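Predicted, not measured: the structure shown is a model, and the values here were computed from it. Quick note on labels: first sequence line is chain A, next is B, and so on, each numbered from 1.
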Amino acid sequence: MSNITKNLKKYKYFYILLIPTILYYIIFCYMPMYGITLAFKEFNFNNGIMRSPWVGLKNFNEIFQYKDFWSAFKNTLVISAGRLIFEFPIPIIVALLLNEMSKHRLKSIYQTVFTFPHFLSWIVLSGVIVNLLNDAGIVNQFLVSIGYEKADILVNPSKFRPFIYTTNIWKEVGWSAIIYLAAIAGINPELYEAAIVDGAGRFQRMKAITWPSIKNTVAVLFILAIGNSMGGGAKGFDQIFNLYNPAVYNVSDILDTYIYRTTFYTGASFGVSTAVGLFKSVINFILLYTANYVVKRLGEEGLV
Amino acid sequence: MATSIKKSSFDLTHNANKSPHDKFVDIVISVLLGILALISIFPFYNVILVSIADPISIAEQGVYLIPTSFDFSSYGYIFSQKKFGSSILISLFVTLVGTFINILCTFTGGYVLSKKFVPGTKFLKNAIIFTMLFNGGLIPYYLTLKNFGFINNIMVMIFPAAISTFYLIIVINYFITFPASLEESAKIDGANDILILFRIVLPASLPTLACITLFYSVDRWNEWWLAMLFISDLNKYPLQLLLRDMLTNYAKLEGQLGISHVKVYDQGLKMAVVVFTALPILCVYPFLQKYFASGIMIGSVKG
């Protein structure tokens with residue numbers, strides 16, 4: 001006991017400095033975790049969380065009956081997989097291409113342009129996108145002027161997911177490419193010189209020198225991407241929430257948007273909505289640890 | 001932009017010795033990326049176009065690409081309406097005060113957590129990283145914050161967002177690389193740890209401080225989720241939320257703002273608000289660029 005008080009006294013200024021951080025994580029991260037018990041209770045407003053009655057797995061049985069729940073779960077998996085397949089490789093390719101550019105001014109300008117959308121919110125970007133693609137927008141004006149029919153991307157279930165992937169690429173490719181470019185910048189230029197002397201062509205150099213040096217960065221970012229799967233990708237909620245509409249719920253409603261709607265609009269019981277949230281968090285945790293484990297087995301440094 | 005200014009590996013091979021094939025591929029890459037850059041920027045051009053457009057001119061032309069008339073009434077309307085002004089002020093308040101709180105909490109906590117010799121830091125770091133992997137979910141979060149009185153309280157955009165774990169990890173990793181000698185000599189002179197942090201360490205950390213401050217400011221300016229969950233009073237809306245209401249529920253806002261159809265082109269007004277909301281980001285963008293590819297970002301990926 002006296003050891004602890006001794007330490008407290010010795011490091012007291014440090015602990016004082018630590019107070020805001022500790023308070024923040026306790027109040028805004030750990031206290032809500034207690035509320036997870038709601039998933040196993042029937043929430044009664046008057047009783048609050050603590051005094052609401054336990055109902056075991058009843059809420060989970062309930063949500064597993066809902067078609068909308070399974071639709072949201074399926075969409076979450078499909079969209080996350082889609083992001084890994086379509087969105088994930090693009091910044092790598094763009095980084096490799098940018099790296100090949102010898103004209104610095106132009107490369108700088110391109111980087112500036114590509115990275116700009118990353119700093120705007122999805123609210124602003126949804127305004128920009130909808131302005132472009134809606135019925136009276138310039139894209140449709142153009143299509144009509146060359147004799148085609150208007151495009152209905154925003155409300156067409158078969159076009160909506162590709163639209164989501166494309167717009168997210170537009171937003172994030174510049175920023176993600178920077179992380180790869182930073183890794184590439186760390187490569188010893190002598191390696192390239194030697195390779196050129198040996199007669200290696202552009203793609204051979206990429207394969208033999210550039211790629212192995214960024215492999216680990218790719219692996220770490222890949223794990224992070226998997227860790228975001230249950231959210232429909234990093235900022236998946238932000239994007240989908242601001243772009244989706246009832247016409248495309250069946251292909252784009254993810255667990256987070258489903259939870260939001262059932263909490264604030266359709267008035268499902270709080271216990272039920274919390275159960276969906278807990279389901280999502282547990283699966284996410286398992287996915288993240290598995291991905292980290294697999295990557296470590298493949299020989300790369302993991303995240304944890 | 002350290003990365004882009006650093007010479008590309010090819011500069012070391014004399015450009016003159018490049019084969020015609022190499023030069024051709026160079027051009028193809030430049031053109032390809034150039035086209036992508038134009039496509040990337042076009043939507044923003046379109047926004048500006050519509051914000052200064054006269055709906056009649058748009059209807060007259062088949063494809064409205066070049067402005068034929070300039071109509072600034074949308075912008076004039078924004079300046080005249082109190083609601084826009086108050087939302088902008090709220091966003092500014094949240095950005096300034098919020099960023100200050102962000103920096104205060106992140107750098108104090110980050111400093112201590114970087115000191116491995118302080119007992120408990122390892123446990124705390126693990127507890128913090130755990131919150132990145134698992135959280136209580138929307139409803140528990142909502143109920144907790146409700147109990148703390150954050151409903152319809154603009155501070156909800158500041159305190160629940162006080163620390164970004166991602167930036168905290170960056171700051172911790174940064175402080176780990178900070179030379180201990182500076183702190184040690186101050187300690188010998190009798191300074192306590194708090195003084196050391198504020199008088200010596202932070203002034204010597206200006207680049208990181210500036211970088212994280214910028215990134216936090218952008219996040220605070222873009223804050224809308226917390227406002228949407230907890231703020232229903234239009235007078236307390238940050239600009240992002242006002243914009244969202246305009247984009248998704250213009251009719252309701254029309255009623256509350258008293259917008260008349262005839263005087264204001266609705267799409268033009270929406271785009272003018274988009275421009276207003278994006279403008280501050282555009283203004284700090286050159287400063288953000290300075291910090292892009294610095295080691296801080298790399299450190300964050302590994303850390």
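Only the side chain of L32(B) comes within less than 4.5 Å of a heavy atom of chain A; its backbone N, CA, C and O stay farther away. For a residue to count as touching a neighbouring chain, one of its non-hydrogen atoms must lie under 4.5 Å from one of that chain's; by this rule I196(B) does not touch chain A. Interface remark: L168(B) contributes side-chain atoms only to the contact with chain A (heavy atom separation under 4.5 Å). Only the side chain of Y11(A) has a heavy atom closer than 4.5 Å to any heavy atom of chain B. Contact of L38(A) with chain B is made through the side chain alone, with heavy-atom distances under 4.5 Å. For N245(A), no part sits under 4.5 Å from any heavy atom of chain B, backbone or side chain. With a 4.5 Å cut-off on non-hydrogen atoms, L33(B) touches chain A through its backbone and its side chain both. With a 4.5 angstrom heavy-atom cutoff, L278(A) touches chain B only via side-chain atoms. Residue S273(A) touches chain B through both its backbone and its side chain, counting heavy-atom pairs closer than 4.5 Å. Proximity to chain A (any heavy atom under 4.5 Å) is restricted, for L138(B), to the side chain, taken from C-beta onward. The part of V218(B) that comes within reach of chain A is its side chain, from C-beta onward, which places non-hydrogen atoms under 4.5 angstrom from that chain. Proximity to chain A is absent for every atom of L104(B), based on heavy atoms less than 4.5 angstrom apart. Looking at T108(B), the atoms closer than 4.5 Å to chain A (heavy atoms on both sides) sit in the backbone and in the side chain alike. Proximity to chain B (any heavy atom under 4.5 Å) is shown, for L98(A), by both the backbone and the side chain. Contact annotation for I22(A): only side-chain heavy atoms (C-beta onward) come within less than 4.5 Å of a heavy atom of chain B. Both the backbone and the side chain of Y260(A) come within contact range of chain B, each with at least one heavy atom under 4.5 Å from a heavy atom of that chain. In this structure, chain A has heavy atoms under 4.5 Å from both the backbone and the side chain of T165(B). In this structure, the portion of I29(B) lying under 4.5 Å from any heavy atom of chain A is its side chain and not its backbone. Only the side chain of F198(B) comes within less than 4.5 Å of a heavy atom of chain A; its backbone N, CA, C and O stay farther away. The parts of N242(A) that come within reach of chain B are both its backbone and its side chain, each placing non-hydrogen atoms under 4.5 angstrom from that chain. Residue contact with chain B, scored on non-hydrogen atoms closer than 4.5 Å, involves the backbone and the side chain of I27(A) alike. Only the side chain of Y25(A) comes within contact range of chain B, judged by heavy atoms closer than 4.5 Å. Interface remark: Q240(B) contributes backbone and side-chain atoms alike to the contact with chain A (heavy atom separation under 4.5 Å). Only the side chain of L106(A) has a heavy atom closer than 4.5 Å to any heavy atom of chain B. Residue N131(A) touches chain B through both its backbone and its side chain, counting heavy-atom pairs closer than 4.5 Å.
The aromatic rings of F150(B) and F28(A) lie tilted to each other, with the angle between the two planes from 30° to 60°. Aromatic ring orientation, F241(A) versus W224(B): parallel (interplanar angle below 30°, classes split at 30° and 60°). The aromatic rings of F237(A) and W225(B) stand perpendicular to each other, their planes meeting at an angle above 60°, with 30° marking the opposite boundary. A tilted orientation is assigned to the rings of F215(B) and F119(A), their planes being inclined by 30° to 60°.
In terms of heavy-atom pairs under 4.5 Å with chain B, the best-connected choice from G137(A), S145(A), G127(A), G201(A) is G127(A). Most heavy-atom pairs under 4.5 Å with chain B, from the set S121(A), P20(A), G35(A): that is S121(A). The candidate with the highest count of non-hydrogen atom pairs below 4.5 Å against chain A, out of L243(B), L247(B), I194(B), L197(B), is I194(B). If you tally non-hydrogen atom pairs under 4.5 Å between each of P119(B), P286(B), G110(B) and chain A, the highest count goes to P119(B). No other option in F142(A), Y34(A), Y15(A) has as many heavy-atom pairs under 4.5 Å with chain B as Y15(A). With respect to chain A, the highest number of heavy-atom pairs below 4.5 Å among A162(B), G137(B), P160(B) belongs to P160(B). Residue with the most contacts toward chain A among I128(B), V47(B), L49(B), L36(B): I128(B) (heavy-atom pairs, distance under 4.5 Å). Contact tally against chain A (heavy-atom pairs below 4.5 Å) for L65(B), L282(B), V284(B), T106(B): the top residue is L282(B). In terms of non-hydrogen atom pairs under 4.5 Å with chain B, the most contact-rich of C29(A), A39(A), A136(A), P32(A) is P32(A). Contact tally against chain B (heavy-atom pairs below 4.5 Å) for T21(A), V113(A), I36(A), I123(A): the top residue is I123(A). The greatest number of non-hydrogen atom pairs below 4.5 Å with chain A, out of V118(B), V63(B), I139(B), is found for I139(B).
F42(B) CZ: more than 12 foreign heavy atoms inside a 6.0 Å radius. No more than 12 heavy atoms of other residues, nucleotides or ligands sit less than 6.0 Å from atom CD1 of I41(B). In F264(A), the CZ atom is crowded: over 12 heavy atoms of neighbouring residues, nucleotides or ligands sit closer than 6.0 Å. Heavy atoms of other residues, nucleotides or ligands lying less than 6.0 angstrom from CZ of F117(B) number more than 12.
Annotation: cation-pi geometry satisfied between K270(B) and Y250(B) (NZ/CZ under 6.0 angstrom from ring centroid, within 45° of ring axis).
Formation of a donor-acceptor pair under 3.5 Å by the Y30(A) side chain with backbone atoms of A127(B) is found in this model. Between the S51(B) side chain and the I48(B) main chain, a donor and an acceptor come within less than 3.5 Å of each other. A distance-only check finds a donor-acceptor pair linking the side chain of Y24(A) to the backbone of I163(B) [under 3.5 Å]. In this structure, N102(B) contributes its side chain and A161(B) its backbone to a donor-acceptor pair below 3.5 Å.
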Practice problem: For I169(B) and M132(B), run side-chain contact (heavy atoms from CB on, under 4.5 Å): C-alpha distance rounded to whole Å, both residues' side-chain angles, the deciding distance at 0.1 Å, then the answer. | Solution: CA-CA 11 Å; I169(B) 293 179; M132(B) 284 183 109; 4.0 Å; yes
Quiz item: Is there a salt bridge (charged side-chain N to carboxylate O under 4.0 Å, His left out) between D256(A) and K280(A) once you walk through the steps?
Solution: CA-CA 9 Å; D256(A) 279 329; K280(A) 174 197 158 211; 2.9 Å; yes
Practice problem: Go through the steps to decide whether L133(B) and N284(A) satisfy the test side-chain contact (heavy atoms from CB on, under 4.5 Å), and finish with yes or no. | Solution: CA-CA 8 Å; L133(B) 306 174; N284(A) 202 38; over 6 Å; no
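Centroid-to-centroid, the aromatic rings of F148(B) and F159(B) stay 6.0 Å apart or farther. For F44(B) and W170(A), the ring centers are positioned less than 6.0 Å apart. Here F285(A) and Y289(A) bring their ring centres to under 6.0 angstrom of each other.
With hydrogens and angles left out, the side-chain atoms of W221(B) and S91(B) include no donor and acceptor closer than 3.5 Å.
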